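Have a look at the structure below before the remarks.
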There are 2 protein chains.
Amino acid sequence: MRPTVHDIAERAGVSLATVDRVLNDRPGVRAVTRAKVEAAIAALGYVRDVAAANLAKGRVYPLVFIVPAGENPFMRGLEAEIRHAGRHSAAERTRLSVVTVPAFDAAALAAAIDAAAASDDTAGIAAVAVDAPEVAAAIARAREAGIPVVTLVSDLAASGRDHFVGVDNVAAGRTAGSLMGRFLGGRPGPVAVLAGSMRVRDHRDRLEGFLAAMAAMPVARQVLPVLEGQDDPAVSRRLIAGLLAATPDLAGIYSLGAGNGGLVAALSGRSDICVIAHELTADTRAALETGVIDAVLNQDAGHEVRSAARVLRAKADGLPVVAAQERIRIDIFIRENLPPAAEEDERSGAGLYQGD
Amino acid sequence: MRPTVHDIAERAGVSLATVDRVLNDRPGVRAVTRAKVEAAIAALGYVRDVAAANLAKGRVYPLVFIVPAGENPFMRGLEAEIRHAGRHSAAERTRLSVVTVPAFDAAALAAAIDAAAASDDTAGIAAVAVDAPEVAAAIARAREAGIPVVTLVSDLAASGRDHFVGVDNVAAGRTAGSLMGRFLGGRPGPVAVLAGSMRVRDHRDRLEGFLAAMAAMPVARQVLPVLEGQDDPAVSRRLIAGLLAATPDLAGIYSLGAGNGGLVAALSGRSDICVIAHELTADTRAALETGVIDAVLNQDAGHEVRSAARVLRAKADGLPVVAAQERIRIDIFIRENLPPAAEEDERSGAGLYQGD
DNA sequence: CTGTTAGCGCCTTCAG
DNA sequence: CTGAAGGCGCTAACAG
């Protein structure tokens with residue numbers, strides 16, 4: 001049996017309360033007493049039973065997730081994952097809530113952060129950042145109020161956020177460039193880039209990585225000027241249609257933002273152009289299956305949500321975060337390794353949920 | 001506050017013990033009483049606090065993992081993951097142990113399964129299966145003794161095992177074939193396949209998928225007869241050296257087993273041949289970085305271990321398993337999306353470990 | 001068949 | 001500064 005607080009109390013010749021004080025380094029223990037207890041802890045190799053501790057504490061961690069509104073499928077998937085995790089977060093004594101704000105709207109995001117921080121029982125905030133000074137300021141305010149903040153999917157390092165939960169987007173861009181280069185091989189023709197907006201950090205980073213990888217390819221290839229589709233399917237569709245008309249020898253398209261529904265529509269079944277896109281959604285999955293899209297780079301929204309919650313809890317408790325464990329991978333999907341579509345809604349298993 | 005057993009006892013007008021009986025559907029409750037309790041449960045939307053339940057039960061789940069011995073890096077990584085998970089499994093009230101048996105040795109594996117099943121406190125067994133009747137029989141015996149068994153990495157469906165934890169190897173082979181075809185493009189030359197042994201199911205499955213994908217490529221391409229390296233670096237090295245000498249126009253190699261150290265050594269820095277291998281290990285990672293290997297298909301050993309433990313616990317408790325949640329993905333790695341090498345040993349975070 | 005009682009391992013008043 | 005006692009939500013004897 002593992003040693004318990006009783007064992008260490010006995011061995012140290014003190015009471016349970018004192019052990020507890022040392023364990024949670026609370027004040028009110030003489031240095032000698034503390035030393036005795038710590039010796040006992042070390043000698044017995046005691047490790048605290050977190051489950052029991054949480055039970056006794058009865059503490060809960062209300063975490064607020066702030067995500068962009070709108071029909072961006074990835075963000076809606078992210079929101080679904082948050083709600084899903086929330087339904088199963090009872091065991092982790094965590095209560096998740098979602099707040100949506102207009103996309104790319106720095107003022108609204110800043111206001112939402114302030115509102116969440118103002119609520120007395122917010123234990124932490126996770127937000128998809130927009131790269132703007134107001135947002136950075138709001139994050140800084142929340143942190144000064146003692147509320148941990150993590151950025152999600154898109155970072156804002158200047159804000160001093162506690163942690164960023166998301167992929168290395170420069171590496172993601174490089175991956176896309178490398179795959180594009182290999183898939184095209186010696187085939188001639190320029191490639192195009194469709195972005196959402198150069199105002200969000202993750203899109204800029206992806207572009208940077210992509211251009212670097214294309215430049216490093218053995219075969220030089222022209223990359224056309226970036227098209228900005230505002231992550232909007234209609235705009236994207238128009239832009240791509242124009243592109244196709246103007247560039248008959250187009251070899252590839254790298255879509256580094258959302259709005260892929262419009263891209264796919266504009267391509268209308270053509271599979272002769274090498275297309276690489278981001279985020280596995282209903283749109284991109286279907287296009288992958290029909291061969292319109294050749295590869296999808298994905299960040300696992302479920303992992304991101306769970307990681308954000310874990311990190312926020314750790315920060316709230318002043319515990320360290322294991323960086324290696326919280327790294328979000330860049331998943332590559334092609335038609336052949338596409339996971340079966342998970343049935344939405346109730347994939348629950350009554351208390352069995354644990355996170356993988 | 002969430003409703004507790006007290007609330008439902010009060011609302012149903014019964015005692016805690018009765019509520020508990022209904023909750024864990026134990027015998028000794030009249031149908032009417034049971035109905036009252038169930039009504040209260042439903043009305044209050046009660047969900048049991050698993051942590052508290054486990055605390056009260058004090059039950060532990062000793063699980064035995066049986067893996068092949070030898071220098072196969074993937075298996076050693078798997079073993080490391082088991083030990084790592086074991087160090088953090090206290091919270092889940094699970095105790096993991098590892099037993100190694102000679103690779104490809106059906107008799108030894110069967111004996112190890114019997115031994116684990118004989119131990120009175122084994123709550124479940126996870127084994128990397130060898131495709132042989134003795135093994136199937138041993139698994140069947142364990143299950144008859146009431147001990148749940150899952151196969152890990154390599155399946156043995158005929159054994160009647162409770163569950164298989166691993167990837168769809170036919171799909172993995174198809175993925176490899178598809179990537180090989182796309183990477184080679186129009187480049188001429190045959191491709192070779194290096195396997196460990198056609199006696200293990202996962203290798204056969206991968207080959208099947210690979211051949212199917214190659215056959216489906218627009219460009220027909222010769223696939224040379226399979227080389228069996230026994231997952232042994234020395235044997236593999238010899239075979240590949242011979243292959244290179246005999247086939248000057250070789251375009252690609254699909255290595256679907258282990259022993260990749262030998263493969264890489266035989267290639268001695270050549271990066272003109274398209275090489276696709278399985279499992280991200282020190283060998284394959286290094287070769288990916290130098291360009292000797294072009295892509296690695298990986299199954300996340302950490303996920304597999306955690307999934308196996310979850311499934312075994314669920315089976316031991318007679319709970320359902322959420323198939324979608326336990327599916328292991330086929331990860332694709334190229335140089336650009338390689339995750340940073342995780343420092344081995346203590347990546348622990350004192351009680352924070354949760355599984356992603 | 002049902003209820004009472006005493007913990008599981010830890011935390012938290014409240015006295016001393 | 002330290003200890004005793006009670007409770008978190010659930011389960012498990014042991015009585016009735």
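Both backbone and side-chain heavy atoms feed into the values below; hydrogens, waters and symmetry mates do not. Per chain, numbering begins at 1; letters A, B, ... match sequence-line order. Given the structure is predicted, the values throughout are model-derived calculations rather than measurements.
Applying the salt bridge (Lys or Arg N to Asp or Glu O under 4.0 Å) rule to Arg141(A) yields the partners Asp114(A); only residues at least two apart in sequence or on another chain are considered. Residues passing the salt bridge (Lys or Arg N to Asp or Glu O under 4.0 Å) test with Arg48(B): none are found, sequence neighbours excluded. Listed by chain and residue number, nothing satisfies the salt bridge (Lys or Arg N to Asp or Glu O under 4.0 Å) test with Asp7(B) (two or more places apart in sequence, or in another chain). With sequence neighbours excluded, no residue forms a side chain to side chain donor-acceptor pair (under 3.5 Å) with Arg11(B). For Thr151(B), the side chain to side chain donor-acceptor pair (under 3.5 Å) partners two or more places apart in sequence, or in a different chain, are Asp155(B). With sequence neighbours excluded, the residues satisfying side chain to side chain donor-acceptor pair (under 3.5 Å) with Glu79(B) are Arg76(B), Arg83(B). Legend: residues meeting side chain to side chain donor-acceptor pair (under 3.5 Å) with Ser97(A), ordered by chain and number and at least two apart, are absent.
Note that the first and last nucleotides of DNA chain C, 5' to 3', having any atom under 4.0 angstrom from a heavy atom of chain B are dC1(C) to dG9(C).
A heavy atom closer than 4.0 Å to some atom of DNA chain C occurs in Arg30(B), Thr33(B), these being the qualifying members of residues 30-43 of chain B.
Counting only residues at least two apart or in different chains, salt bridge (charged side-chain N to carboxylate O under 4.0 Å, His left out) contacts with residues 14-28 of chain B comprise Asp20(B)-Arg26(B).
Residues Leu156(A) and Ala136(A) approach most closely at CD1-N, 3.9 Å, considering heavy atoms. Across all non-hydrogen atoms, the minimal contact from His6(A) to Leu16(A) is NE2-CD1, 3.6 Å.
Ser159(B) places a side-chain N or O within 3.5 Å of a backbone atom of Arg161(B) that can act as its donor or acceptor partner.
Salt bridge present: Asp300(B) and Arg329(A) bring a charged side-chain N and a carboxylate O closer than 4.0 Å.
An angle of 40°, rounded to 10°, separates the two end axes of the helix from dC1(C)-dG16(D) to dG16(C)-dC1(D), each defined over five pairs.
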**OP:** Using a 4.0 Å heavy-atom cut-off, write out nucleotides 7-16 of chain D from 5' to 3' as B (base contacted by protein), S (sugar-phosphate only) or - (no contact).
**Re:** BBBBBB----
